Amino acid sequence: MIAYTLFDTAIGSCAIAWNDRGVVAFQLPEGSSSTTRRTLVSRLKDAVEAPFDSAQGKPAWIQRVIGAVTALLRGERTDLAFVPLDMDGVPAFHQRVYDLARTIPAGATMTYGEIAARLGDPGAARAVGQALGRNPIPVIVP
């Protein structure tokens with residue numbers, strides 16, 4: 001089962017979805033909470049909404065993730081490497097790109113070409129860009 005919830009941040013209402021293995025999706029604000037919800041649910045048809053205004057229905061680890069993301073979006077330097085991800089259904093190459101992107105230190109950058117080279121395929125810069133453009137878990141996977 002996939003559960004999701006919306007939560008307020010300094011940049012607006014975000015949504016996060018998870019299962020018993022980890023975070024499966026993240027949605028940045030879409031102008032209104034209802035639009036953010038619709039966008040996330042359009043990607044996860046069978047997701048069930050967890051209670052919005054309480055910890056009830058949310059495991060402790062997802063509450064910790066929400067707290068860390070909220071701090072990050074408030075401008076605090078926050079390491080999200082502890083967040084477990086469930087990338088089931090994500091192409092293997094994309095998973096490798098996301099795993100590498102998560103190792104880039106806060107404040108540092110890498111070009112698509114540099115990521116491709118680190119993955120051992122220096123000609124795959126365009127594929128890296130496409131993978132990052134389809135990132136289902138932005139912010140947690142930068």
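Note that the coordinates shown come from a computational prediction; the quantities given were computed from them, not determined experimentally. Numbers here are sequence positions counted from 1.
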Min side-chain heavy-atom separation Ile140-Ile137 under 4.5 Å: yes
Between Phe82 and Arg64, is there a cation-pi geometry (under 6.0 Å to ring centre, at most 45° from the normal)? yes
Pairwise distance CD1(Ile2) to NZ(Lys45) - rounded to 0.5 angstrom: 12.0 Å
Test log, rule salt bridge (Lys or Arg N to Asp or Glu O under 4.0 Å), inputs Arg38 and Glu30: CA-CA 9 Å; Arg38 264 195 315 276; Glu30 290 278 330; over 6 Å; no
With sequence neighbours excluded, give me every salt bridge (Lys or Arg N to Asp or Glu O under 4.0 Å) pair touching residues 82-111. Arg21-Asp86
Are Ile16 and Leu6 close enough that some pair of their side-chain heavy atoms sits under 4.5 Å apart? no
Spacing of Leu44 atom CG and Trp18 atom CH2 [to the nearest 0.5 Å]: 11.5 Å
Rounded to the nearest 0.5 Å, what's the gap from CD1 on Ile115 to CG on Leu132? Could you check? 5.5 Å
The reported gap from OH in Tyr98 to CG in Leu85 (rounded to nearest 0.5 angstrom) is 11.0 Å
Does the Thr35 side chain pair with the main chain of Gly31, one donor and one acceptor, at a distance under 3.5 Å? no
Taking side chain as C-beta onward, heavy atoms only, is Leu73 less than 4.5 Å from Cys14? yes
Sub-3.5 Å donor-acceptor pair from the side chain of Gln95 to the main-chain atoms of Met87, do we have one? yes
Shortest non-hydrogen pair, Ala116 vs Ala125, comes out as CB-N, 3.7 Å
Pairwise distance OH(Tyr112) to CG(Leu119) - rounded to 0.5 angstrom: 13.5 Å
How long is the span from the CG atom in Leu28 to the OG atom in Ser13, to the nearest 0.5 Å? 11.0 Å
Donor-acceptor check, side chain of Arg43 to backbone of Pro136, threshold 3.5 angstrom: yes or no? yes
Indicate the atoms forming the closest heavy-atom contact of Ala25 with Leu40, along with that distance. CB-CD1, 3.8 Å
Main-chain N/O of Arg37 paired with Thr39 side-chain donor or acceptor, under 3.5 Å: no
Measure the shortest side-chain to side-chain distance between Thr5 and Ile66 over non-hydrogen atoms and say whether it is less than 4.5 angstrom. yes
